[in-house]
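Once you've had a glance at the structure underneath, I'll fire off some questions.
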There are 2 protein chains.
Amino acid sequence: MSVSGNTPSRGRPKTLEREHVLKTALMCYWADSPTDVPISEICDKAGASKPGLYREFGSDDGLKEATLDIYNEKVSQRRYDILASDQPFDEVLEALISHTVQDRKKAGVPNGCLLFAMRARREEFGPLTLAKIDQLRENSLGHYRRWIDRAKSNKQFRCDMPTDVAALYFDAQMGSAMRLQKEGISNKVIAEILRTAFSVFR
Amino acid sequence: MSVSGNTPSRGRPKTLEREHVLKTALMCYWADSPTDVPISEICDKAGASKPGLYREFGSDDGLKEATLDIYNEKVSQRRYDILASDQPFDEVLEALISHTVQDRKKAGVPNGCLLFAMRARREEFGPLTLAKIDQLRENSLGHYRRWIDRAKSNKQFRCDMPTDVAALYFDAQMGSAMRLQKEGISNKVIAEILRTAFSVFR
DNA sequence: TTAATTTCGTAACTATAGGTACGTAAAGTG
DNA sequence: CACTTTACGTACCTATAGTTACGAAATTAA
């Protein structure tokens, strides 16, 4: 059961590479559509067996939940770091836009955002994935709220919108940007749209 | 095959009510998620048999295509009418927002927008539905573009954004609104977000 | 070396959902 | 009334994808 981390000592040694499987699953779900990737495809690409995956993650649902966790940790965290910076509001805004429209090919990652893609398909997931989607979404809104509140107290936020609504506004704009990117709209146009949408705050 | 409209004259008379089936399918797809409704469920709710549906629509793909058509005709058309009005830009903008955040319960229709919901799941449909999604999407953008161009020539559009980008902007904002509505965000908040997003044009 | 333990992976099982074969029913035609 | 035509719907077929039973393999403990 691999209770904690190390020295099970007895029995056949484990060969399944959890991290490798999760990275494989992440790229599959992210590049494609999360609900269109069968477990067997992830097994093939990761070089693992199906029962192996089930032993490690319990179910399809569990695998998706775990994948969302590493997506948050390895991808979304970048954005949270930007939001947590203590630079002036305008500069953070610009950094946010630059980060959003960066060339994904160069960075070696797919277009779009896995979390938004999964939110758009809420109904198709199991309870674990669903709870994780909601948790990460709320987490994301929290980062926006804290950033906005700081900007407000620094008199850098030129809009009388309530913080929670403004957070929804940012989240919605980022979501649109990610969808447009996934649809193949150029990053130049997406940046123009984001700058327009965010211009109401400066 | 019911070639055109009338007088097949010979053979057992047809009992399948095409319009009724389409309305049933529309409500199922719209209220739920279009990819989560099995054909058999639509058959049950519409009181039709599976082979009956297949005779009429050819396939699951064909049924979805036909459903999108009546959605466009009976639902989206309302929005196009608003955009085609010759009222001042600001008033059309406000009418657009009101129409978007109208109480769906009272109107007896589900939250969200079927076309946006299907666009978010592009990969999960067959070729007919896919082509129809793209056609209606392009159609929708065209309505925005014509409206924007008229506003520009009337000097009512206070923004130097290219028309096609502005159309994408409108489309993106409406998409966000529909998704927020589907997620249960109050229409009041959605209206506030839309007004903020559109305030850049006035 | 044998037993105990743990993991491995092939080869199933199962449920779901799209799709259809085919015999029957209901109409007009001669 | 037989014959032709058209549509009906039950009962099946099939493919896919999540899931697991189970015997073999690899390791440590006695």
Side-chain angles (χ1 to χ4, degrees), chain A residues 1-21 24-25 28-29 32-67 121 123-130, chain B residues 1-21 24-25 28-29 32-67 121 123-130:
Chain A
M1 271 290 177
S2 79
V3 181
S4 47
N6 44 4
T7 54
S9 95
R10 196 98 163 229
R12 181 171 174 168
K14 191 178 206 164
T15 57
L16 183 136
E17 300 172 76
R18 184 185 169 94
E19 287 298 307
H20 177 61
V21 170
T24 306
C28 289
Y29 292 147
D32 251 302
S33 155
T35 47
D36 285 343
V37 183
I39 287 231
S40 55
E41 184 179 325
I42 294 168
C43 291
D44 289 349
K45 290 192 178 169
S49 73
K50 255 204 282 194
L53 282 207
Y54 277 86
R55 272 188 297 272
E56 185 69 25
F57 302 104
S59 65
D60 182 64
D61 195 21
L63 172 61
K64 288 188 169 110
E65 182 197 24
T67 305
R121 294 167 168 76
E123 308 82 9
E124 305 178 40
F125 300 108
L128 298 176
T129 307
L130 221 51
Chain B
M1 272 292 179
S2 79
V3 181
S4 48
N6 45 5
T7 55
S9 100
R10 200 84 172 238
R12 180 172 176 170
K14 191 177 206 164
T15 58
L16 183 135
E17 300 172 76
R18 184 185 169 94
E19 286 299 306
H20 176 63
V21 171
T24 307
C28 288
Y29 292 148
D32 250 300
S33 155
T35 47
D36 284 344
V37 183
I39 287 231
S40 54
E41 184 179 326
I42 295 169
C43 292
D44 288 349
K45 291 192 177 168
S49 72
K50 244 198 301 187
L53 281 208
Y54 278 87
R55 271 189 296 272
E56 186 67 25
F57 302 104
S59 64
D60 180 66
D61 195 21
L63 172 61
K64 288 188 170 110
E65 181 197 23
T67 305
R121 295 167 167 76
E123 308 81 8
E124 305 179 41
F125 300 108
L128 298 175
T129 308
L130 222 50

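Numbered from 1 within each chain, the chains take letters A, B, ... in sequence-line order.
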First locate atom CD of B:Glu65, then atom CZ of B:Phe125, and finally report the distance between them rounded to the nearest 0.5 Å.
12.5 Å
Do B:Glu124 and A:Glu124 come close enough that some side-chain heavy atom pair is under 4.5 Å?
yes
Holding to salt bridge (charged side-chain N to carboxylate O under 4.0 Å, His left out), I want the full list of residues that pass it with B:Asp60, two or more places apart in sequence or in another chain.
B:Lys64
Nearest whole angstrom, please: distance from the P of C:dG18 to the CG of B:Leu128.
15 Å
For the helix from C:dT1-D:dA30 to C:dG30-D:dC1, figure out the bend between the end axes, five pairs an end, and round to 10 degrees.
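For the helix from C:dT1-D:dA30 to C:dG30-D:dC1, the axes at either end differ by 20°.
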For DNA chain D, which residues in residues 33-42 of chain A have a heavy atom at a distance below 4.0 Å?
A:Pro38, A:Ile39
Return the set of residues passing side-chain hydrogen bond (donor to acceptor under 3.5 Å, both in side chains) with B:Thr129 (not counting sequence neighbours), or none when no residue passes.
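Once residues adjacent in sequence are excluded, the partners of B:Thr129 under the side-chain hydrogen bond (donor to acceptor under 3.5 Å, both in side chains) criterion are B:Asp61.
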side-chain hydrogen bond (donor to acceptor under 3.5 Å, both in side chains) with B:Ser33: which residues, sequence neighbours excluded?
B:Thr35, B:Arg121
Reading nucleotides 20-30 of chain D from the 5' end, what letters show protein touch, with B for base, S for backbone sugar-phosphate only, - for no heavy atom under 4.0 Å?
BB---BBBBS-
Using residues 37-46 of chain A as the side-chain source, report each donor-acceptor pair under 3.5 Å to any protein atom, sequence neighbours left out, with the distance given to one decimal.
unit_1  : atom_1 : unit_2  : atom_2 : d
A:Glu41 : OE2    : A:Lys45 : NZ     : 3.1

List for me each residue that meets side-chain hydrogen bond (donor to acceptor under 3.5 Å, both in side chains) alongside B:Arg12, sequence neighbours excluded, and say none if there are none.
none
Can you name the nearest heavy-atom pair linking B:Thr67 to B:Leu63, along with the distance?
OG1-O, 2.7 Å
Think A:Thr15 has a side-chain N or O under 4.0 angstrom from the OP1 or OP2 of C:dC8?
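Checking A:Thr15 against C:dC8: at least one side-chain N or O falls below 4.0 Å of OP1 or OP2.
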